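Since the model is a prediction, treat every value here as computed from it, not as a measurement. The residues of the chain are indexed from 1 along the displayed sequence.
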Amino acid sequence: MTERTPHIVGLGNALVDVVAAVEPDVVTRHGLTPGGMHLVNADAAHALFEDVGPGIRQSGGSVANSIAHLADTPVRGTYLGKVANDDLGDAFCEEMSGMGLAAPVAVAQNGDHGTGRCVVLVTPDGERTMSTYLGAATTLMPPEALAALPEEFDILFIEGYIWDAPHGAAVIERLAEAAQAAGAKVALTPSDAGCVERNIDVMRNFVSRHVDILVGNQAEVAALAGRDGADAALGWAMTRVSIAAVTEHDKGSIVADAEGRHHIPAVDVPDVIDSTGAGDAYASGFLAALARGLPVQEAGKLGAESAARVLVHYGARDGDAAKAIALPAA
């Protein structure tokens, strides 16, 4: 009898990332906070794109990136989201399927919403600032998401940004209930401290009722916990979930389960090119290890290794396109 392959399903905003290397003044000129994630309307998205040019395009979205990294592991990946019936939507689906990942995304037929896109501005210090237009991603409805959910899987990984969509809370609730009914674990990334602040009450409530695994950086988990510092944030998390991981950039991460907590050092990267997607990659390695039944300490190490691999090139994923971008002339 063949052993079943571990399977992770990701739920997120399906976006196409446009990565552009810029000087710091571009970030401030568009009223953006360095290192932050900003939700913008279609007009602001168009103005920024016109300023920075085409950049390098890759299918993206936080949890989509995490699922994409599963292509390099012995874990099966499926991604759920929504795109538009346009060139960017086609490109998103083709890229995911080209990596051997299932992407039964819903397709919006209404021309009022294009496929979502995230312009990632990378400054010479490696910091990334994101300007996101969600587009069709915000129109995902619970029946569409449920229809695409596989019958068997081990972990449902939810992106906190989904709460920013009009029907996001309902989508998250219905899929979490379905996952638990299927015997799967529910994992959450809070996504961003700003996202936590916008949705603090519903997110905390959801964590207490449904979440088994919490993965995020120190800023977003601290915002969710209402505590200062990674240790305090992790302590809050472990009163509500079974497993947690809190990352602290070059300081590494702290992981914990019922057996205790462990500090996991960051993998040394002599020359950080771009931090875009490092947290997504960490989550992928961490969850893939848990899906395979590995101890939480080993999961933290594999998460750190996965994160390190994306720090040495532009973009949140591997590939020639991510390596091709160059800094603009001064």
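- Under the 3.5 Å distance criterion, the side-chain polar atoms of H263 are matched with a main-chain donor or acceptor of K251.
- Note: T78 OG1 to L11 CG = 12.5 Å, rounded to the nearest 0.5 Å.
- At a threshold of 4.5 Å between non-hydrogen side-chain atoms, the residues L101 and R76 do not count as touching.
- For D228, the CG atom sits in a loose shell: 12 or fewer heavy atoms of surrounding residues, nucleotides or ligands are nearer than 6.0 Å.
- With contacts defined as side-chain heavy-atom distances shorter than 4.5 Å, the pair M96/I67 qualifies.
- With rounding to the nearest 0.5 Å, the separation of OG1 in T73 from CZ in R292 is 7.0 Å.
- No donor-acceptor contact under 3.5 angstrom links the side chains of S66 and D280, judged on distance only.
- Q180 and H210 share a side-chain donor-acceptor pair at under 3.5 Å.
- Not a single donor-acceptor pair under 3.5 Å links the side chain of S284 to the backbone N or O of A281.
- The salt bridge (charged side-chain N to carboxylate O under 4.0 Å, His left out) search around D51 returns R29, not counting sequence neighbours.
- Test V63, L175, L188 against I158 for side chain to side chain contact (heavy atoms under 4.5 Å, CB included) and you get one pass: L188.
- The existence of a salt bridge linking R309 and D72 is excluded, since no basic side-chain nitrogen approaches an acidic carboxylate oxygen closer than 4.0 Å.
- Evaluation of the salt bridge (charged side-chain N to carboxylate O under 4.0 Å, His left out) rule for D212 yields no partner, not counting sequence neighbours.
- Minimum heavy-atom separation, P190 to L224: CG-CD2, 4.3 Å.
- With contacts defined as side-chain heavy-atom distances shorter than 4.5 Å, the pair F157/L287 qualifies.
- Contact record, S191 with G160: OG-N, 2.9 Å, taken as the closest heavy-atom pair.
- Residues V296 and H262 have side chains in contact (heavy-atom distance under 4.5 Å, counting atoms from C-beta outward).
- One hydrophobic cluster, built from ILVMFWY side chains closer than 4.5 Å, holds both V196 and L234.
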- Stepwise side chain to side chain contact (heavy atoms under 4.5 Å, CB included) test for V107 and K82: CA-CA 6 Å; V107 178; K82 191 166 186 178; over 6 Å; no
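- Atom CD1 of residue I155 and atom CG of residue L290 lie 5.5 Å apart, to the nearest 0.5 angstrom.
- Side-chain contact between N13 and I162 is present, with at least one heavy-atom pair separated by less than 4.5 Å.
- Within 6.0 Å of CG on D87 lie no more than 12 heavy atoms contributed by other residues, nucleotides or ligands.
- Not a single donor-acceptor pair under 3.5 Å links the side chain of D90 to the backbone N or O of N85.
- By the criterion of side-chain heavy atoms lying less than 4.5 angstrom apart, applied directly or through intervening Ile, Leu, Val, Met, Phe, Trp or Tyr residues, W236 is not grouped with V255; the two fall into different hydrophobic clusters.
- Note: D192 CG to L39 CG = 8.5 Å, rounded to the nearest 0.5 Å.
- The closest donor-acceptor contact from the side chain of H38 to the backbone of M130 lies under 3.5 Å.
- For E173, the salt bridge (charged side-chain N to carboxylate O under 4.0 Å, His left out) partners are R209, not counting sequence neighbours.
- If you chain together hydrophobic residues whose side chains sit under 4.5 Å apart, F153 and I172 fall into the same group.
- The minimum heavy-atom distance linking A233 with A225 is given by the pair CA-CB, 4.1 Å.
- A donor-acceptor contact shorter than 3.5 Å is absent between the side chain of N205 and the backbone of D201.
- Without hydrogens or angle criteria, E94 side chain to A91 main chain gives no donor-acceptor distance under 3.5 Å.
- No hydrogens or angles considered: nothing links the side chains of Y282 and S306 as a donor-acceptor pair under 3.5 Å.
- Hydrophobic clustering of Ile, Leu, Val, Met, Phe, Trp and Tyr side chains at less than 4.5 Å, counting indirect connections, keeps V9 apart from L70.
- Taken to the nearest 0.5 Å, the CE atom of M203 stands 12.5 Å off from the OG atom of S208.
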- V241/I213 under side chain to side chain contact (heavy atoms under 4.5 Å, CB included): CA gap, chis, key distance, verdict: CA-CA 6 Å; V241 304; I213 306 165; over 6 Å; no
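- For E159 against G12, the heavy-atom pair with the smallest separation is OE1-CA, 3.5 Å.
- Salt bridge R198/D164: present, at least one basic N to carboxylate O contact under 4.0 Å.
- Residue W163 forms a side chain to side chain contact (heavy atoms under 4.5 Å, CB included) with just one option from V171, N199, I200, and that option is N199.
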- Message: Could you walk me through whether D154 and R4 satisfy the side chain to side chain contact (heavy atoms under 4.5 Å, CB included) test, starting with their C-alpha distance in whole Å, then the side-chain angles of each, then the deciding distance to 0.1 Å, before giving a yes or no?
- Response: CA-CA 10 Å; D154 300 281; R4 189 175 69 82; 2.7 Å; yes
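- To the nearest 0.5 angstrom, Q58 atom CD is 7.0 Å from D17 atom CG.
- Between A193 and A219, the closest heavy-atom pair is CB-O, 4.1 Å.
- Residues L302 and L294 have side chains in contact (heavy-atom distance under 4.5 Å, counting atoms from C-beta outward).
- Under a cut-off of 6.0 angstrom, the local environment of NE2 in H249 is sparse, with at most 12 non-hydrogen atoms contributed by other residues, nucleotides or ligands.
- Of all the heavy atoms in V186 and A176, the pair that sits closest is CG2-O, 4.1 Å.
- Checked by atom type and distance alone, the side chain of R128 never pairs as donor or acceptor with a backbone atom of G126 at under 3.5 Å.
- Both M238 and F206 are members of a single hydrophobic cluster when ILVMFWY side chains are connected at heavy-atom separations under 4.5 Å.
- Under the 4.5 Å side-chain criterion, counting only non-hydrogen atoms from C-beta, S131 is not in contact with H30.
- Applying the side chain to side chain contact (heavy atoms under 4.5 Å, CB included) test between V246 and each of E220, Q218, R261 identifies Q218 as the sole match.
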- Message: Test side-chain hydrogen bond (donor to acceptor under 3.5 Å, both in side chains) on T247 and N217; report intermediate values, then the result.
- Response: CA-CA 4 Å; T247 62; N217 67 36; 5.4 Å; no
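- The distance between the ring centers of Y79 and F92 falls below 6.0 angstrom.
- Between I264 and Q297, some side-chain heavy-atom pair lies under the 4.5 Å cut-off.
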- Message: Apply side chain to side chain contact (heavy atoms under 4.5 Å, CB included) to residues L121 and L32 and explain how you reach the verdict.
- Response: CA-CA 10 Å; L121 305 177; L32 306 174; 3.9 Å; yes
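- Although no hydrogens or angles enter the test, the distance criterion places no donor-acceptor pair under 3.5 Å between the side chain of R174 and the main chain of P143.
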